[in-house]
Colleague: 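Once you've had a glance at the structure underneath, I'll fire off some questions.
Values below: every heavy atom of this structure, side chains too, minus hydrogens, waters and symmetry copies. All values derive from a computational prediction rather than experimental measurement.
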Amino acid sequence: MMKIMEYMNKYGHEELVFCSDPQVGLQAIIAIHDTTLGPALGGARMWPYQSEEEATLDVLRLSRAMTYKASAAGLNLGGGKAVIIGDPSKDKSVGLFRSLGKFIESLGGRYITTEDVGTTVSDMQQIRAETKHVTGLPIAWGASGDPSPPTAFGVYQGMKACAEEVFGSGSLKGKTVAIQGFGKVGSYLAVHLRDEGVKIIASDVNERATKRAREEFGATIVSIDDIYDVECDIFSPCALGATLNRQTIPRLHCKIVAGSANNQLEEDEDGDLLQQNRILYAPDYVINGGGIINLSLELTGYNAEAAKAQIAEIHNTIEKVISLAKSKQISTARAADSLAESRIQDAKRVRTMYSKGR
């Protein structure tokens, strides 16, 4: 049985809120990890979790990753997440999302939501009816819309930074990329790769997704298990998390791992294992930060060109992570953590200094 408070204390979570509304079938959990840098921003995920414990662990892990993601991107935001227990293909309703909006409103701005796996822009519109603490709203409203395209653009930029380090050139032309998960971000990433002349190998649990990958992108389709064994230059995890672990990493035949999925490493030590296998890992919360960068600009007045320019900086951030890892002789995963944590600790020191000054 999971010891929730022990887990929260270990990883520094501030708050965990269980949301129940039987009238509309809402069962949701909101986790706020750290608000040192600002209010917690993170998506609302809808997924048919097998148990409350599974959902709780997922929301705690995801919210912590959002703290690191915001910090690494240089944003004045903290990390949070919401998960809704349910099947997004059949359990959605207007009432469900409006009810979630009321719970978010009750947090007084400490948590700001957006779409995630299983939720959409239209779902965010329903939440907006109950709270202003929501992003990822329609472009027609002057907002940023679906965060998937900017996330994919950021992954593409980070991938090119890794290519420069490993292959001596940022060009991906003629390279082979294995995309694990051909959903929203994976398919937008494929557009950039196709346009640069990349050979694509793809896998997905959804047959419609693999059909699209084959017909629109000329991708070679393999099973969800065989994707780990294919010969490729870059392995790109764009599905759910924890796919990189002691069992799968030794099976990889690539030089780079760079993808959009959150929490790709099952354990922290898996980043070290990738390094030991001479695979350059682009830390997930750094390379997939395009979405949160894009969404953050909604809070101050959205501008698409400014967002794109800021997202392009992911290329430089990945270079910085690689440089730090080499200088400290540590994995890129640990280097990214060091960068993110140092910014949070600096902010905490400033707060302490001013509070003592008073």
Side-chain angles (χ1 to χ4, degrees), residues 6-14 31-38 40-42 57-81 151 154-155 157-159 161-162 165 237 241-246 249 256-293 296 313-351:
E6 186 177 303
Y7 187 99
M8 291 177 68
N9 289 335
K10 180 179 179 180
Y11 292 108
H13 289 79
E14 295 177 4
I32 296 175
H33 176 252
D34 189 291
T35 56
T36 301
L37 296 174
L41 175 61
L57 179 60
D58 200 33
V59 78
L60 288 170
R61 291 188 71 206
L62 289 166
S63 62
R64 180 171 176 247
M66 291 304 298
T67 294
Y68 282 69
K69 183 182 296 191
S71 179
L75 304 176
N76 294 319
L77 292 168
K81 207 77 174 183
T151 300
V155 172
Q157 292 297 317
M159 198 176 276
C162 290
E165 175 66 23
T243 59
L244 299 173
N245 52 54
R246 283 174 289 179
I249 290 171
I256 296 168
V257 169
S260 67
N262 289 311
N263 295 332
Q264 294 170 22
L265 305 178
E266 188 170 72
E267 305 288 345
D268 289 345
E269 292 74 21
D270 294 324
D272 302 326
L273 184 56
L274 284 166
Q275 182 189 31
Q276 291 162 19
N277 282 264
R278 298 186 177 182
I279 297 173
L280 177 59
Y281 172 58
D284 48 20
Y285 61 79
V286 179
I287 196 171
N288 69 13
I292 193 173
I293 293 170
S296 71
E313 288 297 312
I314 287 174
H315 183 288
N316 296 334
T317 306
I318 290 292
E319 286 185 332
K320 187 185 299 183
V321 169
I322 294 170
S323 177
L324 181 62
K326 289 164 69 175
S327 67
K328 289 192 171 185
Q329 296 187 317
I330 56 177
S331 69
T332 51
R334 296 193 186 279
D337 286 353
S338 177
L339 283 174
E341 289 166 358
S342 65
R343 187 163 175 260
I344 294 168
Q345 291 306 316
D346 284 348
K348 286 182 177 179
R349 280 192 288 270
V350 170
R351 284 187 179 184

Colleague: Can you name the side chain to side chain donor-acceptor pair (under 3.5 Å) partners of Asn263, sequence neighbours left out?
Modeller: none
Colleague: According to salt bridge (charged side-chain N to carboxylate O under 4.0 Å, His left out), who are the partners of Arg334, at least two apart in sequence or on a separate chain?
Modeller: Asp272
Colleague: Using side-chain heavy atoms (C-beta onward) and a distance below 4.5 Å, is Glu319 in contact with His315?
Modeller: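 Yes, their side chains come closer than 4.5 Å.
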Colleague: Check salt bridge (charged side-chain N to carboxylate O under 4.0 Å, His left out) between Asp34 and all other residues, then give those that pass, not counting sequence neighbours.
Modeller: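 Testing Asp34 for salt bridge (charged side-chain N to carboxylate O under 4.0 Å, His left out), a comparison that skips the adjacent residues, returns Lys348.
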Colleague: Just jot down the salt bridge (charged side-chain N to carboxylate O under 4.0 Å, His left out) partners of Lys326, sequence neighbours excluded, or say none.
Modeller: Glu165
Colleague: With a 3.5 Å distance limit and no angle check, can you tell me whether Arg343 reaches the backbone of Leu75 through a side-chain donor-acceptor pair?
Modeller: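 Indeed, once roles are kept as given, a pair shorter than 3.5 Å links the two residues.
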Colleague: Quick check: closest heavy atoms across Ala72 and Ala340, and the distance to 0.1 Å?
Modeller: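 That would be N-CB, 4.4 Å.
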Colleague: Enter the distance from Gln264:CD to Ile287:CD1 here, rounded to the nearest 0.5 Å.
Modeller: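 With rounding to 0.5 Å, CD (Gln264) is 8.0 Å from CD1 (Ile287).
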Colleague: Rounded at 0.5 Å granularity, tell me how far NZ in Lys81 sits from CG in Leu62.
Modeller: 5.5 Å
Colleague: Just jot down the side-chain contact (heavy atoms from CB on, under 4.5 Å) partners of Tyr11, sequence neighbours excluded, or say none.
Modeller: Tyr7, His13, Arg64
Colleague: Side chains of Tyr285 and Asp337 only: does a donor on one sit below 3.5 Å from an acceptor on the other?
Modeller: yes
Colleague: Taking all atoms of both residues into account, what is the closest heavy-atom pair of Ser260 and Asn288, and its distance?
Modeller: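 Looking at all heavy atoms of both residues, the shortest contact is O-ND2, 2.9 Å.
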Colleague: Taking all non-hydrogen atoms of both residues into account, name the closest pair between Pro237 and Ala258 and its distance.
Modeller: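 That would be CD-C, 4.0 Å.
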Colleague: Between NZ of Lys69 and CG of Leu77, what distance do you get to the nearest 0.5 Å?
Modeller: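 Going from the NZ atom of Lys69 to the CG atom of Leu77 covers 12.0 Å.
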Colleague: Using modelled atom types only, decide if a donor and an acceptor are shared between the side chain of Gln275 and the backbone of Ile330 within a distance under 3.5 Å.
Modeller: yes
Colleague: Identify the heavy atoms of Met66 and Gly80 that sit nearest to each other, and give their distance.
Modeller: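 The answer is CG-O, 3.4 Å.
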Colleague: Taking the side chain as every heavy atom from C-beta outward, state whether Ile314 and Ile293 have any atom pair closer than 4.5 Å.
Modeller: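 Yes, close enough: below the 4.5 Å cut-off.
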Colleague: Nearest 0.5 Å, what's the OG-CG distance between Ser71 and Leu339?
Modeller: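 If we round to the nearest 0.5 Å, Ser71:OG and Leu339:CG are 8.5 Å apart.
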Colleague: Testing the basics here: between Ile318 and Cys162, what is the closest heavy-atom pair and its distance to 0.1 Å?
Modeller: CG2-SG, 4.0 Å
Colleague: Atom CG of Leu265 and atom CG of Asp284: how far apart are they, to the nearest 0.5 Å?
Modeller: 6.0 Å
Colleague: What is the minimum heavy-atom distance between Arg349 and Ser342, and which atoms define it?
Modeller: NH2-O, 4.5 Å
Colleague: Could you list the residues that satisfy side chain to side chain donor-acceptor pair (under 3.5 Å) with Glu267, not counting sequence neighbours?
Modeller: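 Scan of Glu267 (side chain to side chain donor-acceptor pair (under 3.5 Å), adjacent residues dropped) gives none.
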Colleague: Look up atom CG in Leu273 and atom CG in Asn245, then write down how far apart they are to the nearest 0.5 Å.
Modeller: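 Here the interatomic distance stands at 9.0 Å.
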